[in-house]
Amino acid sequence: LTTADDNSIHVYDSDTGALKNHTYSYKYGCRLGCFTHDPAKVVYASNPDVRADHALRYHSLTDNKYIAYFPGHRDKVVSLSLCPNNDVLISSSVDLSVRWYDLKENKPMGSLKFDPSSTPVLAAGIAAVPVVAYEPQGTSFAVAIGPSVKLYDMRTYNGKDFPGGPFDTFDLSGKVAAGGGGVDAGTWHWSSIEFSSDGQYLLLASLASVFLVDAFCGELVWMKKRANVNRACLPAVFTPDAQFVIYGSDDAAVHVVSSGTGEFDVHLPTGYSHSPVGSAARVPTGLAWCPNKFMFACASETLALWAPIPLQ
């Protein structure tokens with residue numbers, strides 16, 4: 001599934017790369033498209049460059065109709081995460097809120113708002129923005145905002161707030177400094193966050209670096225800086241077995257590193273041209289592993305599917 005700046009939504013066959021379905025969201029645009037547990041239904045965020053509307057849209061591909069709209073956010077939505085064992089979708093936005101919605105009942109369920117006065121400003125004109133991810137059991141979720149990662153247990157939500165706040169908070173700033181990692185405005189400007197399939201680790205990607213963090217104690221396992229002159233939002237993702245991490249950078253390649261050490265850095269050239277200043281679309285801004293096949297996809301202005309070469 002891809003969503004693009006031309007307001008298009010495309011579905012491809014992961015075996016052949018053939019286009020299976022396509023439609024458009026001309027009125028509201030589309031971003032951050034993701035499948036739901038029903039592969040004929042997708043959800044995506046509006047594109048504020050098309051229209052000043054920040055609602056999420058739940059869309060049926062079978063009859064090309066909206067099933068529901070989920071308003072609430074007042075600024076650009078930056079991340080979506082679907083609960084692995086039910087139809088609850090969680091989202092985060094530049095408005096410093098996290099919201100969750102029941103797709104099955106087509107209704108909002110709750111929200112979490114961060115105080116702007118206590119939210120770090122990363123640099124002039126750059127404010128910290130939250131990104132979210134469910135853990136594999138679907139009972140809790142993580143929010144990364146500024147140098148902090150906060151963990152919330154969804155079972156403790158009382159319909160209004162989380163009594164006692166997050167059940168754990170990791171401050172990465174001291175850990176990065178202790179490890180000798182340099183910090184700049186892009187270090188805590190998050191692009192993505194993801195749990196490993198066993199729930200042991202958190203993978204975070206920022207404009208400047210990629211981090212692996214122990215999800216139980218918050219220890220920094222490793223940190224890798226990457227080139228990103230255009231400050232593009234470049235995600236990082238685990239392989240399904242959590243043994244490796246892949247991410248993109250300005251060299252227009254997909255980098256593969258060991259989850260355990262951050263080493264074994266293999267560069268896979270995407271065929272995209274190197275990214276000059278002002279051409280962030282030429283780097284892999286989209287990455288996703290297939291959950292049941294040994295293959296992954298990367299996207300820029302084109303989509304590429306990757307699979308191992310069979311041994312002869």
Side-chain angles (χ1 to χ4, degrees), residues 1 3 9 11 21 23 25 27-48 51 53-114 129-145 149-168 190 192-195 197 199 202 215 288 291:
L1 171 68
T3 49
I9 302 165
V11 178
N21 197 348
T23 186
S25 178
K27 188 174 182 180
Y28 302 102
C30 49
R31 301 174 55 258
L32 305 177
C34 65
F35 283 112
T36 65
H37 295 301
D38 182 343
K41 298 174 182 177
V42 299
V43 63
Y44 52 86
S46 307
N47 186 344
R51 184 169 178 167
D53 180 292
H54 307 291
L56 305 181
R57 287 178 160 73
Y58 187 24
H59 194 131
S60 169
L61 297 174
T62 303
D63 48 12
N64 193 26
K65 291 182 179 179
Y66 291 122
I67 301 170
Y69 303 86
F70 297 114
H73 287 300
R74 298 188 176 186
D75 209 330
K76 182 179 180 180
V77 174
V78 294
S79 68
L80 300 176
S81 182
L82 183 67
C83 184
N85 52 24
N86 60 42
D87 289 316
V88 175
L89 179 77
I90 194 167
S91 61
S92 68
S93 166
V94 174
D95 66 8
L96 301 182
S97 72
V98 173
R99 296 179 179 272
W100 46 100
Y101 308 88
D102 187 337
L103 299 181
K104 189 174 182 180
E105 300 294 332
N106 298 340
K107 65 180 182 181
M109 295 180 64
S111 64
L112 176 66
K113 178 72 174 178
F114 293 97
V129 173
V131 292
V132 294
Y134 264 110
E135 53 83 30
Q137 299 301 314
T139 57
S140 60
F141 64 91
V143 182
I145 181 166
V149 178
K150 302 175 184 291
L151 303 178
Y152 294 86
D153 189 335
M154 191 67 86
R155 295 167 296 185
T156 67
Y157 185 69
N158 62 12
K160 185 177 181 181
D161 56 23
F162 291 91
F167 67 83
D168 210 344
W190 301 114
S192 66
I193 181 173
E194 178 180 331
F195 280 90
S197 55
L202 273 166

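By convention here, the first residue in the shown sequence is residue 1. Here the structure is a predicted model, which is why all the values come from computation and not from measurement.
- The line from OG of Ser140 to OH of Tyr134 is 9.5 Å long, rounded to the nearest 0.5 Å.
- To the nearest 0.5 Å, atom OH of residue Tyr44 and atom SG of residue Cys34 are 11.5 Å apart.
- Partners of Ser91 under the side-chain contact (heavy atoms from CB on, under 4.5 Å) rule, at least two apart in sequence or in another chain, are Leu56, His73, Val77, Leu80, Arg99, Tyr101.
- Taking the side-chain contact (heavy atoms from CB on, under 4.5 Å) definition, one finds that Asp75 meets it with His54, Ser93, Val94, Asp95, sequence neighbours left out.
- Note on ring orientation: taking the six-membered ring where Trp is involved, the planes of Phe162 and Tyr152 are tilted (angle from 30° to 60°).
- Residue Tyr157 comes nearest to Gly110 through the heavy atom pair OH-CA, 3.4 Å, listed as atom of the first residue, atom of the second, then distance.
- In this structure, the side-chain contact (heavy atoms from CB on, under 4.5 Å) partners of Lys104, at least two apart in sequence or on a different chain, are Asp87, Asp102.
- Shown here are the ring pair (Phe, Tyr, Trp, His ring centres under 6.0 Å) partners of Tyr66, two or more places apart in sequence or in another chain: His59, Tyr69.
- Annotation for Pro136 and Pro84: closest pair O-CG, 3.2 Å, computed over non-hydrogen atoms.
- Legend: residues meeting side-chain hydrogen bond (donor to acceptor under 3.5 Å, both in side chains) with Ser81, ordered by chain and number and at least two apart, are absent.
- Residues Val132 and Ser92 meet the side-chain proximity criterion, which asks for heavy atoms closer than 4.5 Å.
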For side chain to side chain contact (heavy atoms under 4.5 Å, CB included), just list the numbers for Met154 and Trp100, CA-CA rounded to whole Å, side-chain angles, deciding distance to a tenth of an Å, and then say yes or no.
CA-CA 10 Å; Met154 191 67 86; Trp100 46 100; 3.8 Å; yes
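- Expressed to the nearest 0.5 Å, how far SG of Cys83 lies from CD of Glu135 amounts to 8.0 Å.
- Separation of atoms OG1 (Thr36) and CG (Leu1) is listed at 10.0 Å; rounding is to 0.5 Å.
- For the residue pair Ser97 and Pro130, the shortest heavy atom distance occurs at O-CG, 4.4 Å.
- Using a 4.5 Å cut-off on side-chain heavy atoms (C-beta onward), Phe35 and Val11 make contact.
- The side-chain heavy atoms of Thr156 and Phe167, taken from C-beta on, include no pair separated by under 4.5 Å.
- Within the 4.5 Å cutoff, no side-chain heavy atoms of Leu32 are placed close to those of Thr3.
- Looking at heavy atoms from C-beta onward, Tyr58 lies out of side-chain contact with Leu89 at the 4.5 angstrom threshold.
- The heavy-atom pair separating Ala215 from Leu151 by the smallest distance is O-CD1, 3.9 Å.
- Minimum heavy-atom separation, Leu82 to Val88: CD1-O, 3.6 Å.
- Note that the CG atom of Asn64 and the OG1 atom of Thr23 stand 3.5 Å from one another [nearest 0.5 Å].
- Taking Asp161 as the reference, Asn158 meet the side-chain hydrogen bond (donor to acceptor under 3.5 Å, both in side chains) condition, with sequence neighbours excluded.
- Using a 4.5 Å heavy-atom threshold, the side chains of Ile67 and Leu103 count as separate.
- Distance CZ/Phe70 to NZ/Lys107: 11.0 Å, rounded to 0.5 Å.
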